[in-house]
Amino acid sequence: MPFEKVNPKVDFPALERDVLKLWDREDTFNKLRAQNAGKPKWSFLDGPITANNPMGVHHAWGRTYKDTFQRYFAMTGHELRYQNGFDCQGLWVEIEVEREHGFSTKEEIESFGLDKFTDECKARVHKYSAIQAEQSKRLGFWMDWDNSYYTMAEENNYTIWTFLKKCHDLGYLYKGTDVMPWSGRAGSAYSHMEIAEGRKLVTHTSVFVRFPIRGKENEYLLVWTTTPWTLPGNTAAAISGDLEYVKLRSKKDGALYYFAKENLNHQRLAKEFKEGFGNKPWPKDVPKLKTLHQIFHEVGGYDIEGTINGGEMVGWTYDGPFDELPAQQHQGGYAQPLDLLPTDQRDWPCGKDAHVVFDPGKDNKGSSYVVAGEGTGIVHSAPGCGDVDHTWGIHFRLPAIAPLDDQGRFVEGFGKFTGMRAADESTAEAVIDDLREKGFLVAAEKYPHIYPHCWRTGDPLVFRLVDEWYISMDWREEIKEITKQVNWLPASMRGLDRELDWLTSMRDWMISKKRFWGLALPIWECKSCGHYDVIGSREELQERAVEGWEEFEGHTPHRPYVDRIKIKCTECGELANRVPDVGNPWLDAGIVAYSTTKYNSDRNYWDQWIPADLITECFPGQFRNWFYAILSMSTMMEMGKEKKRPPFKNLLGHALVVDENRQVMHKSDGTAIWFEEAAEQIGVDTMRWMYCAQPPTTDLPFGLRHPEEEVTIKGDDGMTITHTVDGARICRVTSKPADETRRQVLMTLWNSYAFFSNYARIDGFDPTAPQVPLDQRQDIDRWILSDLQLLVGEVRDNFEAYSLSPVCVAIKKFLDDLSTWYIRRNRRRFWRGVSEGDTDKLAAYQTLYEVLATLGKLAAPIIPFVSEHIYQHLVAKQLAEAPQSVHLCAYPTKDASRVDDGLSRRMAALLHLVGLGRSARTASKLKVRQPLAQIIVASEDENVRGAVEQFQAHILEELNVKKATTQASVADQCSVSLELNRKTAGPKYGKQLGAIAKALGQADAAEIADQVGKGMVVTLQVEGQPVTLDPPDINVTKDYGQDWAGAEEGGVVVLLDKRLTEELRQEGLARDVVRFVQVARKEAGLELEDRITLSLQTEGEQLQEAIEVCKDYIAAETLATTIESTPIPNAGGTSEVKVARAALRIEIVKA
RNA sequence: GGGCUCAUAGCUCAGUUGGCAGAGCGCAUCGCUGAUAACGAUGAGGUCCCAGGUUCAAGUCCUGGUGGGCCCA
């Protein structure tokens, strides 16, 4: 079968779609799985992708890594699981479903019906997991798509139950109260893991408020807060014993204020006013903040009446700003009923009786909790509204007044505030108005700051006292031990240190969320006695169920059905209900090393696949999220075993995909690039190469989306694509890195393939012909084959080390050598006519064939589509017994016997000296088409001299010279200058170095260069003392006369003879003519093998003479049967050019 | 506030035990080309963030500062 005629202009996306159809038709993936069944296992564990939106190019980096490694380990003969994962449960899905229905509160969901709501969440997950699967297929991601795992699956949820029961049995599960960041709209607390992701710069109204000190006339504590809504919950005032406080007498009303002395003239947010907050500027509509001095000065001035140490204020009591509210008068705090408080808190005072000045002391790192800073050095403390305040409250017996319900609104007991949303600015205004009326307000101002927001709804978070379920982290040392067993890659990311850091400092893990769609926490709590049980499996639940099993049976363990089940309290015998909370979604993803590998149902299977060999994910965030969850949950599952297994052996992280200007891309402003847009405009192989070649530590500047430029993509069979699968309009995507990749890698490979294929077709090359033995092939053949073996070794080593970037570097370098040296140097072997028994031509074909076929296999895991296309045409269609797909082939192994180090070294030397030759020509403005009489190569290095000898023909041709000779030195053909080699001389002579360099500059350069050249020790007089220098201590540079063009580097000197004879000049002109004729042939659209009649007409005498002298040469090069000097009638192509300033008219016609 | 980390060409980044400051991209000039919208050569472009210190010698080691990033509080 003849080889394909290859068009150098290739449409890669179209080619990729064809290859996808081929794989589909041939069922290639399943053949691969069958072929590898029973072989040694290579285990990959997929981190679940959130099945809530279509894929963008930022997802494709990790998925390319996953596919590339799977393909490599399949080709090296391993059995794989190919299980993809979808992350299904959690608030993010609920939010989208809420949006579709226009819900904004939890009540609306409840009246809609929990059963219908969770069904819709499931449906949404199914919709987007299907979309993501289709997109992944287009990326070439080979997975067992019918066997993907879903974190909402029963096995996943029940395995988490197993985990939670283990935690409970070991005493790590507990119920606690805490003040948590809370989203009113989402109706949910946020774990500390999530909060970091939603910080925004906003402007709030902050207030200075005065608290009248009890027992003193007209004296006040001055406090400051950015959250006025917390003031109704005020319980105490915190100071620092390390601070000095001023007594300031205001002239306005004679009131005496206490606040930290440092704050009087403190320039608040002065730096932010000038420089902004990080990369965000100071908000335009917010004036510069006033100092306290200014505030008091502007209302009539003040006097300072002395200072007092903070410690002396401890124990003072004061009147709170909202003591009239019922909430302030409720014993033990508000709004919890007294009998539900922990017993030791039931005798605590009510809020209004607790108003005391106290010193909370220092945190665990030794710094004071209260500092002067932005406020007044007196901190308003509300244990029901603040995180740290709550901790203080427990320690100092300060009751918590919890004002908010689960929607973030004030509950009963707060007077006119009841029903208001804490996060609304109007609530702050209402509080401020009230304070003003009652004479508590000193000043209010606009205050910009970074404030946490709900990362899904965008609403500001408030702090709310809640019951939540926690896993204590007292076993963090065990998690660390497992963590240390993992190989964290890339090493420079220091992943192990970062994870250990997190494990050291993390707080107990809050695992509950007061929502609907998620893991049902298997905790059944008895209302009457407070006892709770944790259920570890479906079977256990059935056994314990005393009510509701019939309703539940046939449903997944989700709300609302699982809530129907009641069990009998083991303590008091009453009915216990499931706590309504659902689980933190990182529990869902964290269990997959156990759930997806059938830990509970087929322990033998788990045993074979865990620990996984590899997981790979995007780094940012995952130390606190998936990495943390999977490591800690796996550790718990291993508790009690003698030898604890890590869930995986290697973890490979990578950075983010950003736009070309290194900005994060956003869906909201249209800059996020959808997967299809990129795939069809850039090509998937190009993208895959970009991802693999990128150092994993550095963000990948992918490209730009132009939301204003809509494009239509021409698909197969006249089909056009205008929208993504999700209905977004497809827009133009540009990418300089992709263009570069396509040009330098894919096009070079394609062109090399096209070159081979087009000539092999003309010549009828038969790949099954007996191989020309290596020792009968040219040196350059054995060189490229030797380098090919070295490449195989290097690529394999790096794949095994999970290091893709060096694989790409090595392949690209080889491809470059192949294209710009091997093929370039051997073109004439392919051009010349076929003749019987021409083993040299056959050797060239066989060499290039082997290189391309092997290269295709090497690159197949990274660029599976082009590799497949090339393989199909070079191998599958040519050799009947060959595997049907490149991906069914065995990955190449290094054959050390074909490596010839000496040859590789000499070829490297040759490439170097040819480069020097070109640079010498360029420097002397002698273009390569102009033949020169001779080249002299001088070097001490025998590889260089050997190269000149061995590759004589290549040097003559490549540098267009008539003769090449070597010398050990060119000392007598040049003038020299000297320089001291400080690297070698420094350690020997130390302080004398400067003086020696000076002496060397003054010495006789020629004489010393001669001595150095002969390897002699050089003696210099330095400051009256003799100093001896070894030859390596002196660097010699040379200058050559006007007859020679010289270039030197690394001990190699190349000299080109610049003197031109008449003959050389004519030959140069003839080569110019040939080149123009070739251009004319190409423009006339002639085929490579077409013969022509040629006419060359010129007035230039020298040119005419040159054409005459070199007629045979010109004819042979241009396939001209005759060369005329008169016009040809009906010429197929004509052109007017200038050769050496003479006009030349070229006419050609097909012969 | 604490910890970690980074600062080198217009851009992105290398820079080994301290020894003549580099690569890729971009730009300019020249060249090669009947596989190559490719490629090759050359050039311009530097306060190696600042200030001290150690050393014959510091981009590199030490101290202090400035600025950015990440993490924790």
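Closest of all the heavy-atom pairs between A:R743 and A:T748 is O-OG1, 3.4 Å.
Looking at heavy-atom distances under 4.0 Å, A:S752 makes contact with a base. As judged by a 4.0 angstrom heavy-atom cut-off over every strand, A:S819 is placed among the base-contacting residues.
When both pairing distances are held under 3.5 Å, B:G64 makes a Watson-Crick or G-U pair with B:C50. With both pairing distances under 3.5 Å, B:A23 is matched to B:U12 as a Watson-Crick or G-U wobble pair. Base pairing analysis places B:A38 opposite nothing; no Watson-Crick or G-U wobble pair with both distances below 3.5 Å involves it.
Checking the phosphate oxygens (OP1, OP2) of B:C71, a side-chain nitrogen or oxygen of A:R624 falls inside 4.0 Å. Phosphate proximity of B:C39 to A:R824: absent, as no side-chain N or O sits under 4.0 Å from OP1 or OP2. In this structure, A:Y753 does not reach the B:A35 phosphate: none of its side-chain N or O atoms is under 4.0 Å from OP1 or OP2. Phosphate proximity of B:U33 to A:R1071: present, with a side-chain N or O under 4.0 Å from OP1 or OP2. Between A:R827 and B:U36 there is no side-chain polar atom (N or O) within less than 4.0 angstrom of OP1 or OP2.
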For nucleotides 24-27 of chain B, tabulate all protein N/O to nucleotide N/O atom pairs closer than 3.5 Å, reporting atom names and distance.
| residue | atom | partner | partner atom | Å |
| --- | --- | --- | --- | --- |
| B:C25 | OP1 | A:Q744 | NE2 | 3.4 |

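Judged by closest nucleotide on RNA chain B, A:A754 is the one of A:A754 and A:D816 placed further toward the 5' end. Nearest-nucleotide positions on RNA chain B for A:R498 and A:P8 put A:P8 closer to the 5' end.
Atoms CZ (A:R828) and P (B:A35) sit 10 Å apart, rounded to a whole Å.
Between the P atoms of B:A23 and B:U42, the separation comes to 10 Å (whole Å). With both ends at atom C1', the span from B:A7 to B:G15 equals 15 Å, rounded to whole Å.
By the neighbour-count criterion of 12 heavy atoms within 6.0 Å, atom CD of A:E1117 is densely surrounded, having more than that number from other residues, nucleotides or ligands.
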